[in-house]
Amino acid sequence: PNRLYLQRNSYDTTRRLATSLRVDTESSNILGATLTASADLPINTSVTYYLSNNGGVRWYIVQPGVEFTFPTTGMDLRWKVELDSLSPTLTPKINQIQIELGDYYNYLPLIFK
């Protein structure tokens, strides 16, 4: 016979975000940055990357390895990742995030593990 098993514990979607504290030490306006990342992505999982140059007041989706120019002014650089999965038992894993400020800062690398 066919059976349907119900799982009482639902998937906790509130724990799929990771957000940094301030990651730069510059005191002048941050105009752009390039985020690169190393991640393990099991099947049916994905990661969305964000950057903010104003302390998280406004977040912008960025593509890894592509320089992003901020449309706003700011002096407080932060990153955020959103981990997505179609399975409650699989999750992507971020191994390393590296942020390089635009060429006006001679690409100062900021590396996080």
Side-chain angles (χ1 to χ4, degrees):
N2 292 333
R3 292 186 175 134
L4 174 63
Y5 294 95
L6 298 176
Q7 182 177 3
R8 297 288 179 204
N9 298 333
S10 61
Y11 181 61
D12 186 0
T13 58
T14 60
R15 301 180 81 184
R16 62 188 191 122
L17 292 175
T19 306
S20 74
L21 299 174
R22 184 177 182 164
V23 297
D24 67 308
T25 57
E26 299 295 321
S27 59
S28 60
N29 189 30
I30 299 168
L31 303 175
T34 303
L35 179 144
T36 55
S38 169
D40 296 331
L41 297 173
I43 191 166
N44 294 323
T45 65
S46 65
V47 177
T48 305
Y49 300 93
Y50 298 85
L51 285 176
S52 173
N53 68 337
N54 54 20
V57 173
R58 178 133 188 189
W59 293 98
Y60 301 97
I61 294 176
V62 297
Q63 297 299 318
V66 177
E67 185 172 0
F68 180 78
T69 302
F70 293 101
T72 59
T73 59
M75 300 181 300
D76 185 352
L77 182 65
R78 296 171 189 240
W79 59 264
K80 177 171 76 170
V81 294
E82 184 176 4
L83 308 172
D84 292 313
S85 178
L86 296 178
S87 169
T89 60
L90 297 175
T91 184
K93 176 184 172 190
I94 305 296
N95 298 317
Q96 177 177 326
I97 290 180
Q98 179 174 331
I99 300 173
E100 294 180 354
L101 299 179
D103 58 2
Y104 23 82
Y105 292 114
N106 296 318
Y107 278 98
L108 172 69
L110 304 167
I111 302 172
F112 312 95
K113 291 185 179 183

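This structure is a prediction, so every number in the text was calculated from the model and none was measured.
Shown here are the side chain to side chain contact (heavy atoms under 4.5 Å, CB included) partners of Ser46, two or more places apart in sequence or in another chain: Asp84. Judged as a side chain to side chain contact (heavy atoms under 4.5 Å, CB included), and not counting sequence neighbours, the contacts of Thr45 are Leu41, Pro42, Ser85, Leu90, Pro92.
Residues Phe68 and Trp59 fall into different hydrophobic clusters, defined by Ile, Leu, Val, Met, Phe, Trp and Tyr side chains chained together at heavy-atom separations under 4.5 Å. Side-chain heavy atoms closer than 4.5 Å link hydrophobic residues (I, L, V, M, F, W, Y) into clusters, and following such links, even through other members, never connects Tyr50 to Val23.
A donor-acceptor pair is defined here as one N or O able to donate and one able to accept, closer than 3.5 Å; such a pair exists between the side chain of Arg22 and the backbone of Met75. Using a distance-only test at 3.5 Å, with no hydrogens or angles considered, a donor-acceptor pair links the side chain of Ser20 to the main chain of Trp79. Thr69 places no side-chain N or O within donor-acceptor distance of the main-chain N or O of Gly32, the cut-off being under 3.5 Å. Side-chain atoms of Asn53 come within 3.5 Å of backbone N or O of Ile30 as a donor-acceptor pair.
Distance check, rounded to the nearest 0.5 Å: CD1 of Ile99 to OH of Tyr49 gives 11.5 Å. Note that OG1 of Thr19 and NZ of Lys80 are 5.5 Å apart. Values are rounded to the nearest 0.5 Å. Between the CD atom of Glu100 and the OG1 atom of Thr34 there is a distance of 6.5 Å, given to the nearest 0.5 Å. Atom CD1 of Ile61 and atom CG of Leu51 lie 11.0 Å apart (nearest 0.5 Å). The CG atom of Leu83 sits 7.5 Å away from the CG atom of Leu17 when rounded to the nearest 0.5 Å.
Counting all heavy atoms, side chain and backbone alike, Ser52 lies closest to Gly55 at OG-N, 3.7 Å.
Looking only at side-chain heavy atoms (C-beta outward), Val57 and Thr72 stay at 4.5 Å or farther from each other.
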